[in-house]
Amino acid sequence: MRLTSLTWAPPFYFLYYAAAAALVPFLVLYYQEIGLTGSQIGFLAGLFPLISWISAPAWGALADRTGRRRLLLAVMIGGAIGWALALPALQTFVWLVPAVALFSFFFAPIMPVVDSTTMHLLGPRKESYGRIRLWGAVGWGIAAPIVGQLTESGGLRWLFWAFAGLLGLCLPLIWSIPPTQHSSTSLRRELRRFWKDPRWPAFLTATFCGGVVLSVIGNFLFIFLDGLGADRRTLGFMLTAATLSELPVLFLSDRMLGRWSARQLIGAALFLYAVRGVALSALSTPTPALFLQLLHGPTFSLMWFAGVSYADAIAPAGFAATAQGLFSGILLGIGSAAGAIVGGVIYEHFGLVTLFRFAALISLIGLGLLLVGRHNER
């Protein structure tokens, strides 16, 4: 690993995910507090990833074509901070829709561009990515309970200021990123290579299913636990428990990739997502959810580092950021949008127990399609 070229990476991951933990999981509670309906909450929760599906690959392709990653990251960070601070001033659904869309446009592509840059700088030591990404889990775990306590005493509006302050600290770090070369190959020709490669359809289909389940749990778990009597301090500790489960998974990621293929790890994550969905649907009190949060690492973190590794491995030369944007755009974009929008409708008409069982079914469908895709590729 080229340590001198990656000194910026651990603190950046730490601060970025601390900022995300300060805002993203609590947004649905803010929407609920200002009086939005279940369908409106689902739409806004789904709008964020839907815009991500478009913006993450687009910004990634721009980074590949221009090589000006530092400047693009500065624009994205500044835009995300500005629109996050605008959200609490907008109390109606009509005004929140364009504001959330613009916030998503700038915030969502940051990590795909950073991930592709990190993988490039790791060179032949790409399996060490998980050790760097681990710092993001630490940032998330530390920030979540602190922000939960802050909102308990000062209200949900503190979320937006905490997010802006933490993400703003990332700005000085990006200027330590070494310059990267831009791609000079034909974009149209390389995009054809993307879609002709038989590995991509099965991979992206499984990624889509994972995104649906991730969105259902991420967007509706807090509402579910709030209904079971959990206070906001407890919700913050729920995020900490989830983060603690990420640490061993990310620390051992290089050994996992040495023993199993990235596709096998993605399949394992989908199976465990099904287990998690069924178990959540059986809860009658919030306390057992602390233990179920320990499945967050073997689901989300496992799927994330395996997906980043697989996308990097099958990406055409010079299009690493585009590939990461595509992976992120499907997982955190269109898949998460579908989970939030459909999940909002199921929540409003059938309840959260049915919603979590629906998520478990989607996980098993994704696992089945991944296995079928592997057979077809052979």
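Counting begins at 1 with the first residue of the sequence. When reading the values below, keep in mind they use all heavy atoms of this one structure, side chains included, and skip hydrogens, waters and symmetry mates.
Counting only residues at least two apart or on different chains, the side chain to side chain donor-acceptor pair (under 3.5 Å) pairs with a member in residues 283-295 are Arg276-Gln293. For residues 254-277, no residue pair satisfies the ring pair (Phe, Tyr, Trp, His ring centres under 6.0 Å) rule, not counting sequence neighbours. Applying the side chain to side chain donor-acceptor pair (under 3.5 Å) test to residues at least two apart or on different chains, the pairs with a partner in residues 348-361 are Ser39-Glu348, Ser281-Arg357.
In this structure the side chain of Pro178 reaches within 4.5 angstrom of the side chain of Leu121, judged on heavy atoms. Using a 4.5 Å cut-off on side-chain heavy atoms (C-beta onward), Tyr17 and Trp135 make no contact. Using a 4.5 Å heavy-atom threshold, the side chains of Trp304 and Leu332 count as touching. Side chains of Leu355 and Phe220 form a contact here, defined as non-hydrogen atoms less than 4.5 Å apart. Looking at heavy atoms from C-beta onward, Leu134 lies out of side-chain contact with Glu246 at the 4.5 angstrom threshold. Met256 is listed as a side-chain neighbour of Leu302, based on a closest heavy-atom distance under 4.5 Å. Residues Phe300 and Ile217 form no side-chain contact, since every pair of their non-hydrogen atoms from C-beta on lies 4.5 Å or further apart. Looking at Val97 and Leu44, their side chains come closer than 4.5 Å, going by heavy atoms from C-beta outward.
Ring geometry for Phe224 against Phe356 counts as perpendicular: the plane angle is over 60°, on a 0 to 90° scale with 30° as the lower cut.
How far CD of Gln32 is from CD1 of Ile223: 5.0 Å, rounded to the nearest 0.5 Å. Note that CG of Leu122 and OG1 of Thr117 are 11.0 Å apart. Values are rounded to the nearest 0.5 Å. Between Ile142 atom CD1 and Thr243 atom OG1 the span is 9.5 Å, to the nearest 0.5 Å. Put simply, CG on Leu247 and OG on Ser245 are 8.0 Å apart, with the number rounded to the nearest 0.5 Å. Atoms CE and OG, from Met119 and Ser309 in turn, are 5.0 Å apart once rounded to the nearest 0.5 Å. Interatomic distance, Leu62 CG to Arg68 CZ, rounded to the nearest 0.5 Å: 10.0 Å.
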I'd like a table of donor-acceptor pairs (distance under 3.5 Å, sequence neighbours excluded) in which one partner is a side-chain atom from residues 74-85, with atom names and distances.
none

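A single hydrophobic cluster is seen to contain both Val24 and Ile334, as judged by linkage of ILVMFWY side chains at heavy-atom distances under 4.5 Å, directly or through other members. Grouping the Ile, Leu, Val, Met, Phe, Trp and Tyr side chains by contacts below 4.5 angstrom, directly or via other members, places Leu364 apart from Leu272. One hydrophobic cluster holds both Leu290 and Leu228 under the rule that ILVMFWY side chains link at heavy-atom gaps under 4.5 Å. Hydrophobic clustering places Ile110 together with Leu169 (ILVMFWY residues linked when any side-chain heavy atoms are closer than 4.5 Å, directly or through intermediates). Under a hydrophobic clustering in which Ile, Leu, Val, Met, Phe, Trp and Tyr are joined whenever their side-chain heavy atoms come within less than 4.5 Å, directly or via other members, Trp175 and Leu6 fall into the same cluster.
Panel note: side chain Ser363, backbone Cys209; no donor-acceptor pair is recorded below 3.5 Å. Arg131 contributes a side-chain N or O that, together with a main-chain N or O of Phe251, makes up a donor-acceptor pair within less than 3.5 Å. Not one N or O on the side chain of Ser301 forms a donor-acceptor pair closer than 3.5 Å with the backbone of Pro298.
For Phe12, there are no ring-ring contact (aromatic ring centres under 6.0 Å, His included) partners two or more places apart in sequence or in a different chain. By the side chain to side chain donor-acceptor pair (under 3.5 Å) test, Ser215 pairs with Asn219, sequence neighbours left out. Remark: Phe107 pairs with Tyr16, Phe103, Phe163 by the ring-ring contact (aromatic ring centres under 6.0 Å, His included) rule, at least two apart or across chains. Residues meeting the ring-ring contact (aromatic ring centres under 6.0 Å, His included) test with Phe358, sequence neighbours left out: none. Phe222 meets the ring-ring contact (aromatic ring centres under 6.0 Å, His included) test with Phe26; sequence neighbours excluded. For Ile34, the side-chain contact (heavy atoms from CB on, under 4.5 Å) criterion is met by Tyr30, Leu36, Gln91, Leu96, not counting sequence neighbours. For Asp226, there are no salt bridge (charged side-chain N to carboxylate O under 4.0 Å, His left out) partners, not counting sequence neighbours. Tyr31 is linked by a side chain to side chain donor-acceptor pair (under 3.5 Å) to nothing, counting only residues two or more places apart in sequence or in another chain.
Summarising the geometry of Ala18 relative to Ala143, their closest heavy-atom pair is O-CB, 3.5 Å, with the distance given to 0.1 Å. Of all heavy-atom pairs between Leu171 and Ile174, the closest is O-CG1, 3.1 Å. Nearest heavy-atom pair, Ala137 versus Leu250, reported as atom, atom and distance to 0.1 Å: CB-CD1, 4.0 Å. Of all non-hydrogen atoms in Leu225 and Ala289, the two that sit nearest each other are CD2-CB, 3.7 Å. Considering all non-hydrogen atoms of both residues, Val216 and Ala359 come closest at CG1-CB, 4.0 Å. Pairing each heavy atom of Leu90 with each of Ala99, the nearest pair is CD1-CB, 3.4 Å.
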For this session: Check the pair Phe305 / Val249 against side-chain contact (heavy atoms from CB on, under 4.5 Å), numbers first and verdict last.
Result: CA-CA 9 Å; Phe305 82 74; Val249 173; 3.7 Å; yes
Exercise. Under the ring-ring contact (aromatic ring centres under 6.0 Å, His included) criterion, do Trp140 and Phe14 qualify, and how do the steps go?
Worked result: CA-CA 7 Å; Trp140 182 285; Phe14 178 92; over 10 Å; no
For this session: Please assess Leu73 against Ile177 for the test side-chain contact (heavy atoms from CB on, under 4.5 Å), listing each intermediate value before the final yes or no.
Result: CA-CA 11 Å; Leu73 283 170; Ile177 299 175; 3.8 Å; yes
For this session: Given side-chain contact (heavy atoms from CB on, under 4.5 Å), test Leu292 with Leu283 step by step and report yes or no.
Result: CA-CA 10 Å; Leu292 290 179; Leu283 292 182; 4.0 Å; yes
Exercise. Are Ile41 and Thr37 close enough, and set up right, to give a side-chain contact (heavy atoms from CB on, under 4.5 Å), and what steps lead you there?
Worked result: CA-CA 6 Å; Ile41 292 172; Thr37 67; over 6 Å; no
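Inspection of the Trp8 and Tyr13 side chains reveals no N or O donor paired with an N or O acceptor under 3.5 Å. At a cut-off of 3.5 Å, with distance as the only test, no side-chain donor of Ser253 or Arg133 sits close to an acceptor on the other residue. With 3.5 Å as the limit, one finds a donor-acceptor pair spanning the side chains of Ser128 and Arg125. If you check the side chains of Tyr129 and Asp115, you find a donor sitting under 3.5 Å from an acceptor.
Screening Phe208, Phe203, Tyr310, Trp200 for a ring-ring contact (aromatic ring centres under 6.0 Å, His included) with Phe327, the sole residue that qualifies is Phe203.
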